[in-house]
Amino acid sequence: MIQPDPVEDELKTLIEAEGPIPVARYMALANAAYYSSHDPFGIKGDFITAPEVTQMFGELIGLALSDAWSGAGKPAAAYVELGPGRGTLANDALRAMEGMGLEPSVHFVETSPLLRHEQGERVPNARWHADISDLPDDVPLLIVANEFFDAMPVEQYVKTMMGWRELMVRYDMDEFSTVPGAVSCEALIPDEIIDAHTASVYEHSTTTHKMARSLGKRLAAQGGVMIVIDYGYYDHLAGDTLQAVHAHAFADPFVRPGTSDLTAHVDFSALIKAAAVKGVRARGPVEQGDWLVSLGIDIRSDQLTRANPARGAELAAARMRLIHPEQMGSLFKVVGFSGHHWPLVPGFE
Ligand code: SAH
């Protein structure tokens, strides 16, 4: 018999005590439980991310950061990664940066003890942070977030016959399910979609908004750049994008919380608006495939193949997986941010 995750009981007890809880709260609790008890990456896990596909991904990111850093006059800097997974991207990026003379201090924002351990195996000199508030404030930051913001909780709002309501999670007849809340929330809905038809769903991530705003302020004050890569959209009404993935297949987000990865598509227009404070310039979103090609993935793949011809087929397949529109090339988008007096992140021309 399949054992329920302990978070399932915690959620039931919470809902029994307080009544239905916002989708965002459900998602935050379920994901915290999921990431602290699973290493989700790879064939045996639940999903594969770009840095786990090939070293070229992290290397090209490292080279892009080095390029911006050179243009800024090579100051002392801190590498910051949000949700570094297994530490693979950081390991590849730091190696590429070292080759360019860039050796930043390393800061990981990570809540999962299990993944912190994995990260320490690959990047022993990292320092860990539970959130972004205590990142260094005296040097420029080189920030990377790959598939991080999609794991942040989203609030969901639904248009009902009585107007817009927040979607809440209830527990009834042995099942979690969503139900419109009792309180009207018109004030939270963007003007452009306030008149959308009944049953339309609008998502907003307060967590992403707050983080993006505070990272943008850091870039404006301290200098540095930020590269955000994720799947997402660029207009307000993308509908309900909450999804669960378990063992490389879609699952029901409301069945067995804590055992699957819950994500929502990233609203890039909201993310850019939040982070692009005065003094910060944003570029993108562009498709991941185009960005990697413009950074030179073809050259890197040729170099690696020449150095080790036996790896040719594997490198060609990995390159294809990252850039092909039907694989990760179009679904994933990249946004670059540059702080005060810092050059633009390359690859967006
Ligand atoms: N960037 C990695 C992993 C993406 S999965 C890669 O590309 O392979 C999401 C990562 O974010 C995991 O490391 C997870 O533990 C972390 N994470 C999820 N929620 C978090 C939170 N609220 N604060 C910090 N890290 C979080």
Side-chain angles (χ1 to χ4, degrees), residues 7 24-62 65 79-94 106-123 126-135 142-154 205-212 214-215 226-232 242-246 248 257-258 260-266 288 292 318 321-322 328 331-334:
V7 77
R25 190 153 178 218
Y26 173 90
M27 184 174 173
L29 289 168
N31 264 352
Y34 173 75
Y35 282 109
S36 60
S37 58
H38 291 70
D39 173 352
F41 311 102
I43 310 273
K44 291 203 193 104
D46 292 327
F47 55 91
I48 293 183
T49 56
E52 303 299 331
V53 171
T54 166
Q55 68 189 82
M56 295 187 285
F57 187 74
E59 288 170 347
L60 290 168
I61 289 174
L65 295 174
Y79 174 84
V80 173
E81 194 174 331
L82 311 178
R86 278 185 179 161
T88 308
L89 193 168
N91 181 50
D92 293 330
L94 289 164
V106 180
H107 301 264
F108 287 164
V109 178
E110 175 61 67
T111 39
S112 160
L114 189 85
L115 291 173
R116 280 187 180 200
H117 177 76
E118 286 273 341
Q119 292 153 17
E121 303 264 292
R122 288 168 193 83
V123 187
R127 263 169 277 169
W128 282 269
H129 304 257
D131 58 57
I132 59 174
S133 60
D134 62 345
L135 289 171
L142 309 171
I143 308 168
V144 177
N146 183 58
E147 289 206 53
F148 174 75
F149 286 108
D150 64 66
M152 294 300 108
V154 282
S205 174
T206 303
T207 307
T208 294
H209 179 89
K210 285 189 181 155
M211 282 185 98
S214 115
L215 293 167
M226 173 161 74
I227 299 172
V228 176
I229 305 158
D230 229 307
Y231 43 93
L242 181 65
Q243 64 185 34
V245 167
H246 175 77
H248 301 271
S260 60
D261 179 41
L262 297 187
T263 62
H265 283 35
V266 173
Q288 170 175 295
L292 293 174
R321 183 143 180 201
L322 293 192
M328 297 173 86
L331 177 63
F332 284 83
K333 313 275 191 300
V334 189

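Position 1 is the first residue of the sequence, and the numbers go up from there. Remember, it's 1-based here, ligands and their atoms both numbered in the order they're listed.
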**Prompt:** Does D230 pair with K333 as a salt bridge, N-O distance under 4.0 Å?
**Reply:** no
**Message:** For the residue pair T263 / Y231, report whether a side-chain donor-acceptor contact shorter than 3.5 Å exists.
**Reply:** yes
**Results of ring pair (Phe, Tyr, Trp, His ring centres under 6.0 Å) for F148 - residues two or more places apart only** = none
**Request:** Using the six-membered ring wherever Trp is involved, compare the ring planes of H129 and H107 and label them parallel, tilted or perpendicular (cut-offs 30° and 60°).
**Result:** tilted
**Message:** Counting only heavy atoms and a distance below 4.0 Å, can you name the residues contacting ligand 1?
**Reply:** Y35, F41, T49, P51, G83, P84, G85, V109, E110, T111, S112, L115, N146, E147, F148, M152
**Request:** Would you indicate whether H248, at its atom NE2, is surrounded by more than 12 heavy atoms from other residues, nucleotides or ligands within a distance under 6.0 Å?
**Result:** yes
**Item:** Distance-only polar pair, side chains of E52 and T88, donor-acceptor under 3.5 Å
**Value:** yes
